[in-house]
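Contents: one structure, followed by commentary.
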Amino acid sequence: MKKKQFKAESKKLLDMMINSIYTHKEIFLRELISNASDAIDKRYYHSLSDSTQGLAREDYKIQLFINKDAKTLTIVDNGCGMSVEELESNLGTIAKSGSLDFKSNNEKQDDVEIIGQFGVGFYSAFMVSDEVTVKTRTANDETGHCWVSQGADGYTISECEKAEIGTEIVLHIKENTEQDSYNQYLETYTIQSLVKKYSDYIRYPIMLDVETRQLKEGSEDEYETVLEAKQLNSMVPLWRKNKNEITDEEYKSFYMDKFHDYTAPLHIIHSKTEGQVSYDAMLFIPEKTPWDFYSKDFEKGLQLYSNGVMIMDKCSDLLPDYFGFVKGIVDSPDLSLNISREMLQHDYQLKLIAKNIEKKIKSELSKMLKNDRDKYITFFEAFGSQIKLGVYADFGRHAADLKDLLMFWSSTEKRLVTLQEYVDRMPSEQTSILYACGETFDKIDMLPQADSLKDKGYEVLYLTEGIDEFVLKMLQTYAEKSFANICADDIDLDTQEEKEAIKQENESAKELLDFMSETLGDSVEAVRFTNKLKNHPVCLTSEGDVSIEMEKVLSSIPGEDSQVKAKIVLEINSEHPVADKLKSLYETDKEKIADYAKILYSSARLIGGMPVENPTELSNLICNLMI
Ligand code: ADP
């Protein structure tokens with residue numbers, strides 16, 4: 001029989017499994033049992049609409065068999081099975097092969113991380129086996145199909161006898177090595193404890209033949225050892241247990257197993273709600289942004305159960321987009337089992353649950369911010385942008401609810417602060433919440449405008465994410481204080497005298513400034529003298545509603561040819577020697593002024609983190625100064 005080759009990425013993953021130094025090889029059993037349980041779920045679910053496919057609920061089970069002589073461990077389920085095409089596509093390739101691609105630039109990535117990150121599922125069998133055989137049959141097939149592989153050199157698929165619908169996976173266990181004892185996976189005791197550890201809550205019985213001593217038939221004192229099928233798991237879903245019966249370890253491994261994360265969750269919310277609608281919810285906030293969070297494949301949603309039976313894997317209606325990072329399950333006896341997707345969307349109970357869950361997550365986050373700031377900052381660094389999106393989305397409909405969860409970097413505190421904290425510290429004469437935008441905190445800190453405000457002791461919020469300024473615009477005010485961009489031309493932090501002085505300055509140099517503005521053409525709205533730059537000669541500010549940062553963000557949206565432009569003002573420090581130079585030259589050498597205007601404008605763009613419109617011209621102008 002011709003061997004088929006694994007797809008490239010699958011082969012890579014497989015190699016990794018086979019040669020793995022991963023210390024938790026035992027997770028292979030959890031992975032295979034969880035696949036078996038999913039397959040039974042699927043068959044059960046189908047049987048709700050097509051009774052010819054199903055079994056009685058109590059007949060569904062997962063069986064384990066140990067054969068020490070043959071050195072095999074076998075996992076049998078009576079789930080949905082796989083057609084030959086499914087065998088090929090499910091086991092010949094990794095469904096999530098894109099994820100491996102994602103990491104391939106970094107060959108040194110250790111396998112622990114990858115194994116954890118992708119929850120590599122079926123292939124983990126190769127961590128403990130040197131041959132894997134999968135016999136499987138679906139309800140629609142007359143015969144079964146058999147998939148065999150010894151690892152990375154490929155696999156074969158052939159027809160085979162299989163009486164029952166479902167899947168049987170035979171692992172031929174590896175020989176012991178110095179580092180690893182594989183024989184333990186042929187011990188009843190090990191298997192029993194692994195099931196207890198990782199798969200206790202699986203809702204179908206996991207059966208294993210266990211040796212028990214019992215009285216010989218007809219005898220009163222003679223014992224014999226017999227094999228008896230024993231159920232290993234308690235089948236009580238973790239979320240149905242009382243909080244005080246669940247250890248941290250159990251929560252952690254439940255989460256990591258079910259949601260394929262290799263880091264423990266940052267925060268767990270486990271609640272029982274009774275009333276208008278009753279449900280158990282077990283929600284997890286991951287500690288890190290999942291690798292695929294920003295990919296188009298990411299689907300938000302909670303697993304939905306009705307009385308312990310899963311009815312939907314990712315029910316997106318249960319989570320608002322801005323809490324899309326939350327993972328978890330909801331189990332409610334009030335939901336009807338054969339509810340369809342469309343119906344669910346309109347389901348009153350579901351809406352009620354969603355509303356409660358949203359409230360609960362919000363209040364848990366507020367509590368975390370109040371009681372455990374470090375933890376909240378970890379959260380905010382991973383998912384703060386979602387909160388910002390939430391404020392901005394739907395025309396600000398959720399802004400009021402979410403605004404107190406926002407954090408921004410403070411120039412004076414040198415850490416993330418909330419808007420409330422900022423406002424509480426504001427001196428009484430300060431009327432607006434000050435902010436500045438840029439690529440990094442350091443770059444913002446170097447902005448000429450920021451420099452002089454630092455001198456005056458103002459606290460400024462440094463915004464580094466594209467969405468930040470849009471969020472503030474959406475809020476408009478916080479605690480009745482407006483927001484002011486320190487790079488806007490009308491930022492008002494001067495005393496009356498200072499204002500008057502600079503007004504005079506501008507009026508008396510009007511001709512010079514207009515001339516410079518004309519030279520620069522459409523690039524600027526105006527050229528002005530300013531008193532807000534400490535030691536720096538120039539900066540750019542913007543007039544009106546669109547700031548320079550907003551223009552940058554809008555023009556960086558792919559495929560959008562944004563017509564939205566900031567109205568730029570070139571501001572020149574009236575205290576700087578450059579100002580005097582310009583004034584004196586205006587009378588004698590206008591041509592030079594034109595060149596200087598261009599140089600100053602280009603420098604100001606560079607300082608503001610914008611590309612220079614004509615770099616060659618700038619270079620020539622500077623060289624001309626030297627010769
Ligand atoms: P995952 O379970 O994360 O999707 P796996 O590599 O574990 O990834 O499995 C790949 C696919 O193979 C599964 O999604 C499922 O469709 C199929 N599969 C695996 N085990 C079984 C089984 N016991 N019965 C039916 N289908 C299975």
Side-chain angles (χ1 to χ4, degrees), residues 6-7 9-14 16-18 20 27-47 53 55 60-65 73-100 114-129 132-141 144-149 151 155 157 160 162 164-171 198-199 202-204 206-207 255-262 290-292 297-299 303 310 313-314 327:
F6 289 101
K7 295 267 163 20
E9 293 89 0
S10 313
K11 188 166 178 321
K12 224 188 271 176
L13 186 52
L14 217 88
M16 209 182 299
M17 288 300 120
I18 294 163
S20 173
I27 58 124
F28 81 92
L29 188 61
R30 168 192 84 183
E31 298 287 316
L32 297 180
I33 287 177
S34 131
N35 280 350
S37 162
D38 289 349
I40 298 178
D41 275 346
K42 267 185 223 163
R43 182 168 175 197
Y44 183 64
Y45 183 66
H46 284 145
S47 74
Q53 296 224 355
L55 295 173
Y60 288 108
K61 60 175 180 270
I62 298 165
Q63 289 169 285
L64 307 178
F65 297 98
L73 172 64
T74 304
I75 296 112
V76 180
D77 69 63
N78 48 10
C80 61
M82 281 176 273
S83 66
V84 65
E85 294 82 19
E86 284 166 336
L87 257 185
E88 179 89 36
S89 67
N90 292 340
L91 306 188
T93 43
I94 322 170
K96 316 175 197 94
S97 58
S99 55
L100 200 67
I114 293 187
I115 291 169
Q117 191 146 7
F118 305 125
V120 288
F122 172 74
Y123 285 172
S124 60
F126 286 96
M127 290 199 286
V128 300
S129 331
V132 178
T133 307
V134 180
K135 283 188 184 170
T136 183
R137 202 192 119 192
T138 69
N140 303 322
D141 284 320
H145 288 96
C146 178
W147 181 101
V148 186
S149 170
Y155 58 90
I157 295 181
C160 69
K162 185 153 189 341
E164 312 280 340
I165 295 167
T167 303
E168 172 184 322
I169 299 182
V170 185
L171 309 178
Y198 292 114
S199 313
I202 293 281
R203 285 172 304 95
Y204 304 100
I206 302 171
M207 309 298 293
Y255 165 78
M256 291 165 73
D257 167 26
K258 205 166 185 70
F259 301 107
H260 301 306
D261 196 346
Y262 71 98
W291 62 273
D292 61 347
D297 298 333
F298 184 85
E299 271 180 80
Q303 250 184 10
M310 189 177 79
D313 188 25
K314 284 199 172 147
K327 312 248 181 192

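As the structure lists them, so they are numbered: ligands from 1, and atoms in each ligand from 1. Both backbone and side-chain heavy atoms feed into the values below; hydrogens, waters and symmetry mates do not.
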| request: With sequence neighbours left out, write down each residue that passes side chain to side chain donor-acceptor pair (under 3.5 Å) with Y60, or none if nothing qualifies. | output: none
| request: Could you check which of N90, D77, I33 puts a non-hydrogen atom nearest to atom 23 (N) of ligand 1? | output: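 Closest candidate by heavy-atom distance is D77.
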| request: Would you indicate whether E86, at its atom CD, is surrounded by more than 12 heavy atoms from other residues, nucleotides or ligands within a distance under 6.0 Å? | output: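 Above 12, so yes.
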| task | Please determine if D261 and K327 form a salt bridge, counting it only when a charged side-chain N lies under 4.0 Å from a carboxylate O. | result | no
| message | Which of the numbered atoms in ligand 1 are under 4.0 angstrom from any heavy atom belonging to K42? | response | 16 (O)
| query | Can you list the ligand 1 atoms lying under 4.0 Å from a non-hydrogen atom of F122? | reply |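 In order of number, 5 (P), 6 (O), 7 (O).
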| Heteroatom distance test (T167, ligand 1): nitrogen or oxygen, under 3.5 angstrom | yes
| message | Can a donor-acceptor pair be found, under 3.5 Å and without considering hydrogens, that links the side chain of R137 to the backbone of K162? | response | yes
| message | The criterion is ring-ring contact (aromatic ring centres under 6.0 Å, His included); which residues satisfy it with F298, sequence neighbours excluded? | response | F293
| query | So is E31 close enough to ligand 1, meaning a heavy atom under 4.0 angstrom away? | reply | no
